[in-house]
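Computed from heavy atoms alone, side chains included, the values below leave out hydrogens, waters and symmetry copies. The residues of the chain are indexed from 1 along the displayed sequence. None of the values given here were measured: they were computed from a predicted structure.
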Amino acid sequence: MSLAPGQVMSQGAYEEKDEMARLSSFVGAIAVGDLVKSTLGPKGMDKILVSMSNPNNVQVTNDGATILQSIAIDNPAAKVLVEISRVQDQEVGDGTTSVTVFASELLKQAEKLIAAKMHPQTIIHGWRKAVTIARKALEDAAVDNGANEEAFKNDLFNIAKTTLSSKILTQNKDYFSNLAVDAVLRIKGTGNLEAIQIIKKLGGQLRDSYLDEGFVLDKKIGINQPKRIENATILIANTQMDTDKIKVHGARVRVDSSAKVSEIEDAERQKMKDKVMKIIDHKASVFINRQLIYDYPQQLFTQAGMVSIEHADFEGVERLALVLGGEIVSTFDTPDKVRLGKCDLIEEVMIGEDKLIKFSGVALGEACTVVIRGPTQQILDEAERSLHDALCVLTQTVKETRTVFGGGCSEMLMATAIQKEALTTPGKEATAMEAFAEALRQLPTIIADNAGFDSTQLVAELRAGHAEGNSRLGLDMENGCVADVQELGITESFKVKTQVIVSACEAAEMILRVDNILRSAPRQRTPNHH
């Protein structure tokens, strides 16, 4: 009798084992790193993303998270890197490309160690030691100017410049850095980024962008209604204000004369009139609705001397409720329990060729609006992403005030500390620690390569400088040399840098542990099944 096992998995299921599974994971993850590698650093290149379903939808970007979320990926390990890039974007706003590239470089080093018959758990153990050393080195080198307002503002300005130097706004980075710092210092108390509204308007050039106090809503005031309201009280709602359809899906109404149709219409109008009267009873001077407001209710509001603004989409009403100090209501039976929003002035303003509504003197005094101008929609979209990244990083820095030096300085500092510790570490973990240090050194190498400079020469100089104890040396990509990054003002957030190292290491660990990939069988369609 044969002792060979029968088929355990169902028909169509697929399994990759041991070396094949590990190789497949490495190849997929490294490919993702190589895809975004060329966008890293101040001289990184952009990618054009074209939608398959809508060829007119074109994005031009060098933001790692945007690129990776826009492409269809089949490899499971590659999806892990896409996920850490997305989480990095959500957590700290910047470092999305760095975290992906670093995880990819770690796996390249792991591939060599696996080929040399080192066990994955030994590699992971060495990496964990290396991360602890790297974090300690970073903490020791971090500078905290949180207690000195002037020095801290200068730190924020330098961080914004460093963040924007790899984006489309690099030509105007001083201007936009000041704009971002001013916006973030306004919300320093709460750190709530929702209070900063970003509006994109075609026309002009990027330099024409500006920061405006108060809140700007990209909508219009109703017809024949005043365009300027002082000391306004505002009712914010999410309710249906249309009168021309019966709200029962699939309803059919049979009538035997046109007079009956007229009666139904009158009943609908009366129902809407009653609803409008309840809204007017709230004694608000302005009514803002998330949904459409049809002509008849708008006419009733005009007759009652109340301003109505329609279709202020969900994000709009949520932000309005926040900055005006009001609440979003859907029913209007208890006017005494509704908290109305308040502001000193509502007026219609022109930006470019469009009319918008500006709310000045809002309850949340820190609220502000950034208006971005630009010649094409792609430039506007990329400028918004770049500015949003800078705002996120600055907000995190306001909470965690420590800063570190950029330009490859921190990476080389950590690599040097790990290399030094590896020399006194017995066992195979020392080799894994050296591999971790080598992966860290790849980041300044890639930055130099992307700028078209001799990376071998520059990184060797950088490494020698740090080994001699000059821990402020980094890459100057304007002049293609090694320089003191403190003098250059190349500063990064401590939290961003820490998050990059920890997230990349954890993702690489997860992929390194894989020894089997199982794909379930696709669900079989039954013939003639509807």
Side-chain angles (χ1 to χ4, degrees), residues 33 40 81 84-85 87-88 91-92 94-110 112-113 121-144 162 396-397 400 402-425 427-447 459 462-475 485 490-512:
L40 189 67
L81 295 202
I84 60 162
S85 175
V87 171
Q88 179 80 10
E91 285 291 310
V92 287
D94 196 26
T96 53
T97 305
S98 300
V99 73
T100 310
V101 171
F102 182 49
S104 162
E105 291 299 331
L106 279 174
L107 290 171
K108 281 183 184 175
Q109 296 299 322
K112 294 175 187 173
L113 297 178
Q121 292 296 349
T122 309
I123 300 170
I124 289 168
H125 192 59
W127 281 0
R128 286 183 179 167
K129 281 187 179 178
V131 168
T132 307
I133 297 161
R135 290 186 70 168
K136 188 177 183 308
L138 207 57
E139 283 171 10
D140 292 344
V143 179
D144 190 349
T162 305
Q396 293 298 331
T397 310
E400 164 57 272
R402 285 180 290 179
T403 59
V404 293
F405 296 124
C409 173
S410 296
E411 286 81 1
M412 192 56 75
L413 181 80
M414 291 184 282
T416 305
I418 294 166
Q419 194 82 39
K420 190 176 177 183
E421 191 70 27
L423 293 173
T424 58
T425 303
K428 292 182 178 179
E429 286 92 348
T431 312
M433 289 165 70
E434 287 173 352
F436 194 95
E438 183 58 35
L440 276 169
R441 281 193 289 270
Q442 287 305 306
L443 290 174
T445 304
I446 293 164
I447 291 170
V459 173
L462 190 59
R463 186 175 181 176
H466 276 264
E468 290 167 6
N470 193 346
S471 60
R472 294 193 318 208
L473 281 183
L475 298 176
V485 286
I490 303 173
T491 311
E492 293 188 48
S493 165
F494 171 79
K495 186 169 182 181
V496 171
K497 194 62 76 178
T498 310
Q499 189 78 27
V500 166
I501 302 302
V502 173
S503 297
C505 184
E506 287 176 356
E509 270 186 36
M510 181 187 285
I511 293 168
L512 191 54

Which residues satisfy the salt bridge (charged side-chain N to carboxylate O under 4.0 Å, His left out) test with K428, sequence neighbours excluded?
none

In Å, rounded to the nearest 0.5 Å, how long is the span from CG of L40 to CD1 of I446?
6.0 Å

Short question: side chain of S410, backbone of G406 - any donor-acceptor pair under 3.5 Å?
no

Rounded to the nearest 0.5 angstrom, the CZ-CD1 distance for F102 and I84 is 10.0 Å

Listed partners of E438 passing salt bridge (charged side-chain N to carboxylate O under 4.0 Å, His left out), at least two apart
R441

So, for L443 and V101, which heavy atoms are closest and what is the spacing to 0.1 Å?
CD2-CG1, 3.9 Å

Worked check of side chain to side chain contact (heavy atoms under 4.5 Å, CB included) between I133 and F436:
CA-CA 11 Å; I133 297 161; F436 194 95; over 6 Å; no

Can you check side chain to side chain contact (heavy atoms under 4.5 Å, CB included) on H466 and C409, steps first, answer last?
CA-CA 9 Å; H466 276 264; C409 173; 4.0 Å; yes

Assess whether salt bridge (Lys or Arg N to Asp or Glu O under 4.0 Å) is satisfied between K108 and E105, documenting all intermediate values.
CA-CA 5 Å; K108 281 183 184 175; E105 291 299 331; 3.5 Å; yes

Considering all heavy atoms, the nearest T431-L113 contact:
CG2-CD2, 3.7 Å

Calculate, to the nearest 0.5 Å, the distance between atoms CD and CZ belonging to Q396 and F494 respectively.
13.0 Å

Is a side-chain N or O of T100 found less than 3.5 angstrom from the main chain of G33, in a donor-acceptor match?
no

Give me the atom names and distance for the closest heavy-atom approach of A432 to G126.
CB-CA, 3.9 Å

Please name the pair of heavy atoms, one in I418 and one in A134, separated by the smallest distance, quoted to 0.1 Å.
CD1-CB, 4.0 Å

Nearest heavy atoms of I123 and A110, plus distance in Å:
CD1-O, 4.2 Å

Counting only N and O atoms by type, is there a donor-acceptor contact under 3.5 Å from the side chain of Q88 to the main-chain atoms of D94?
yes

Would V459 and Q442 satisfy side chain to side chain contact (heavy atoms under 4.5 Å, CB included), going step by step from the backbone distance to the final call?
CA-CA 9 Å; V459 173; Q442 287 305 306; over 6 Å; no

Could you pull out all residues at least two apart from K495 that satisfy salt bridge (charged side-chain N to carboxylate O under 4.0 Å, His left out)?
none

Using atom types as modelled and distance alone, determine if a side-chain donor or acceptor of T96 lies under 3.5 Å from a backbone N or O of S85.
no

So, the side chain of T416 versus the backbone of A467: is there a donor-acceptor pair under 3.5 Å, distance only?
no

Taking atom OG1 of T445 and atom CG of L440, what is their separation to the nearest 0.5 Å?
11.0 Å

R463 side chain near Q419 side chain, heavy-atom distance below 4.5 Å:
yes

Run the side-chain hydrogen bond (donor to acceptor under 3.5 Å, both in side chains) test against K420 and tell me which residues pass, sequence neighbours left out.
none

With R128 via salt bridge (charged side-chain N to carboxylate O under 4.0 Å, His left out) - residues at least two apart
E509

State, yes or no, whether a side-chain contact exists between I511 and L81 at a heavy-atom distance under 4.5 Å.
yes

Residues at least two apart in sequence or cross-chain that pass side-chain hydrogen bond (donor to acceptor under 3.5 Å, both in side chains) with R402, listed by chain then number, are E400

For T424 and E421, indicate whether the former's side chain and the latter's backbone hold a donor-acceptor pair under 3.5 Å.
yes

At their closest point, which heavy atom of L462 faces which heavy atom of P444, and how far apart are they?
CD2-CB, 4.2 Å

Supply the atom-to-atom distance E429 CD to K129 NZ, rounded to the nearest 0.5 angstrom.
4.5 Å

Between L106 and Q109, is any pair of side-chain heavy atoms under 4.5 Å apart?
no

Counting C-beta onward and ignoring hydrogens, is there a side-chain heavy-atom pair between F405 and L413 closer than 4.5 Å?
no

Out of curiosity, M433 CE to T425 OG1, how far, rounded to the nearest 0.5 Å?
4.0 Å

